[in-house]
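Structure first, commentary second.
One-based numbering, in listed order, for ligands and for the atoms of each. All of these numbers come straight from a predicted model, not from anything done at the bench.
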Amino acid sequence: MNVVVVGMGYVGSVCSACFASRGHHVVGVDTSEFKVACIERGESPIVEKGLSELIATARREGRLNATTAIASAVPAADIVLVCVGTPSAEDGSLDLTHVKRACAEVGRALKGTGRFTTVVMRSTMLPGSVLSELTPVLEQACGGRAGVDFGVAYNPEFLREGTAVDDFFGADYTIVGAGCERSAAALRELYDGVGGELIVTAIPTAEMVKYVNNSFHALKVAFANEVGRLCKRESIDSHEVMRLVCRDTKLNISPVYLSPGFAFGGSCLPKDLRAIHSRSRHHGLELPVIGNVMRSNDLHVEEAVHLIERFRRRRLGFLGLSFKAGTDDLRESPILRVIGTLVGKGYGVLLHDPNIDMERVLGANRRFVEDEVPYLPERLRGDLDQVLAESEVVVVGNRSREYREIGPRLRSGQVLVDLVAAVDRSTVTAGEYHGLAW
Ligand SMILES: NC(=O)c1ccc[n+]([C@@H]2O[C@H](COP(=O)([O-])OP(=O)(O)OC[C@H]3O[C@@H](n4cnc5c(N)ncnc54)[C@H](O)[C@@H]3O)[C@@H](O)[C@H]2O)c1
């Protein structure tokens, strides 16, 4: 394919050389004459392992050129990859000035070519940037419509400096947010044989994945470093601890616990977080990531209360009281905090849980009910149908099997608030479905 790469910095020079090595014809564009001259001499404008060799070979074989003249490069392109910088503005917000300017130049160069070129943003930008801010710039500059006269896509860049070339060839997956099928097809052709599985999704999803990936990487670094600081105070080998943590690929390094749902609770996580936080304070040590996890969890409980109150209905039915399905352990179940708040505000509340039978709630669990949720016994109903019939808002609080299937049983006007992503929203035909964070 004929590929134009706008911006020959860390991202642009690596993808130019890598795509050229795959047999594509690449023209790199940059405003910096120095970078353009470097590429034209067959040298890398940046220090990056393996890049000099790739650029030298691509130049020798006539598949890589560079220029400062965007207007001459773009008209022959099947694909334009925009890789210019998106720095932080003074207030921390994202500065799209360079990328907007680059899009205006690309758009002007596309005007009247009669060719369907796909413009692919690779720079990191917040969700909404491509569709709301850059597509209009392109449309205005070229006088055409996205999806009709030219294509728009977002292809986030996941390469790490220092191992960027290896990352390019060994990627697990390539994410493509595509505005139309022709753009998706162009990117499939570009990546044919490299980049792992190519996954096509909506443009804002692709934009968001980039930020979530980087936030997650940053969170992991900060978390491991907090573990290290605490272990050092305790004279424990932090590397051995984290090696063992990472050895568990069932619960730790896995998708488990990484799906948006309701707040955590139960008899272990809150108690253990409090204990480790208290131990760190004893050392005079601040661990803001670990120490603020409970705060984040509390805010999620508050979010559930706000969502339920938003519907301004007084009769509420809660399905699922224990912190997860398949247990009758009510201790620190976060749904009880939601219920307690709403009972306190005078809402009419009925409760159901297939595993809770007051006759059989014993020991610490019984004491917890008597002390913390004294309203529970008189509001608990054994009959799910009765709770459904008498509630204006039905709140699903755990993933018990019978709750997953209540979608078709809702009546018109009834609201379902799903706190745990238990119910398939397409099965809710008569009522309204609302997820907590989805
Ligand atoms: N560096 C990384 O490892 C990395 C990884 C993933 C994503 N990103 C993202 O990719 C984008 C680019 O990052 P980078 O590190 O390559 O930036 P960079 O600053 O190294 O390179 C940007 C290049 O764009 C050029 N440029 C600016 N405006 C131009 C224009 N109108 N026409 C032509 N050239 C223009 C600049 O001269 C510069 O050479 C950013 O959004 C960044 O957040 C970077």
| Without hydrogens or angle criteria, can the side chains of Arg310 and His306 be said to hold a donor-acceptor pair below 3.5 Å? | no

| request: Classify the side-chain pair Tyr403/Asn398 by whether it contains a donor and acceptor separated by less than 3.5 Å. | output: no

| Does the side chain of Ser215 come within less than 4.5 Å of Val212's, by heavy atoms? | no

| said: Using a 4.0 Å heavy-atom cut-off, which part of Arg160 comes near ligand 1: side chain, backbone, both, or neither? | reply: neither

| said: Looking at non-hydrogen atoms alone, which of Asn214, Val84, Val29, Ile46 comes nearest to atom 27 (C) of ligand 1? | reply: Val84

| Among Ile79, Val80, Val176, Leu190, whose side chain to side chain contact (heavy atoms under 4.5 Å, CB included) with Val120 holds? | Ile79

| field | Structural part of Met125 in contact with ligand 1, heavy atom criterion under 4.0 angstrom | value | neither

| query | What protein heavy atom sits nearest atom 18 (P) of ligand 1, and how far away is it? | reply | Gly9 CA, 3.9 Å

| query | Of all the atoms in ligand 1, which lie at a distance below 4.0 Å from a heavy atom belonging to Lys35? | reply | 38 (C), 39 (O)

| remark: Looking only at protein heavy atoms, what sits closest to atom 17 (O) of ligand 1 is Gly85 CA, 4.3 Å

| If hydrogens are left out, which of Ala102, Cys83, Ser123 has an atom nearest to atom 12 (C) of ligand 1, that is, the closest non-hydrogen atom? | Cys83

| Exceeds 12 heavy-atom contacts within 6.0 angstrom, atom CZ of Arg279 | no

| Just checking, any donor-acceptor pair under 3.5 angstrom between side chains of Arg59 and Asn65? | yes

| field | For atom 31 (N) of ligand 1, closest protein heavy-atom neighbour | value | Glu105 OE1, 3.6 Å

| CD on Gln414 to CD1 on Ile406, rounded to 0.5 Å | 8.0 Å

| request: Under 4.0 Å from a heavy atom of Lys210: give me the atoms of ligand 1 that qualify, with their elements. | output: 6 (C), 7 (C)

| query | Which residue owns the protein heavy atom closest to atom 25 (C) of ligand 1, what's the atom, and how far is it? | reply | Asp30 OD2, 3.3 Å

| query | Who's the nearest protein heavy-atom neighbour of atom 44 (C) of ligand 1, and how far? | reply | Val11 CG2, 3.3 Å

| said: Below 4.0 Å, non-hydrogen atoms only: which portion of Val6 touches ligand 1? Side chain, backbone, both or neither. | reply: side chain

| message | Looking only at distances, can you tell me whether any N or O atom of Glu161, backbone or side chain, sits closer than 3.5 Å to an N or O atom of ligand 1? | response | yes

| said: Taking 4.0 angstrom as the limit and counting only heavy atoms of Leu159, give me the atoms of ligand 1 inside it, by number and element. | reply: 3 (O), 5 (C)

| field | For atom 9 (C) of ligand 1, the protein heavy atom that lies nearest, with its residue and separation | value | Thr124 OG1, 3.4 Å

| query | Hey, what's the ring geometry for Phe19 with Tyr191, parallel, tilted or perpendicular (30° and 60° as the breaks)? | reply | perpendicular

| said: Looking only at side-chain N and O atoms, does Asp30 offer a donor or acceptor that is under 3.5 Å from a partner on Ser32? | reply: no

| field | Greater than 12 external heavy atoms within 6.0 Å of Glu33's CD | value | no

| request: Please report which non-hydrogen protein atom sits nearest to atom 6 (C) of ligand 1, along with the residue it belongs to and the distance in Å to one decimal place. | output: Glu157 CG, 3.2 Å

| So, Glu432 versus His434: side-chain donor-acceptor pair below 3.5 Å or not? | yes

| task | Could you say whether the N/O atoms of Tyr10 and ligand 1 ever approach to under 3.5 Å? | result | yes

| Distance filter under 4.0 Å to Gly7 heavy atoms, resulting ligand 1 atoms | 23 (C), 24 (O), 25 (C), 34 (N)

| Side-chain (Thr68) to main-chain (Thr31) donor-acceptor, under 3.5 angstrom | no

| said: Give me the residue, atom name and distance of the protein heavy atom closest to atom 40 (C) of ligand 1. | reply: Thr86 OG1, 3.5 Å

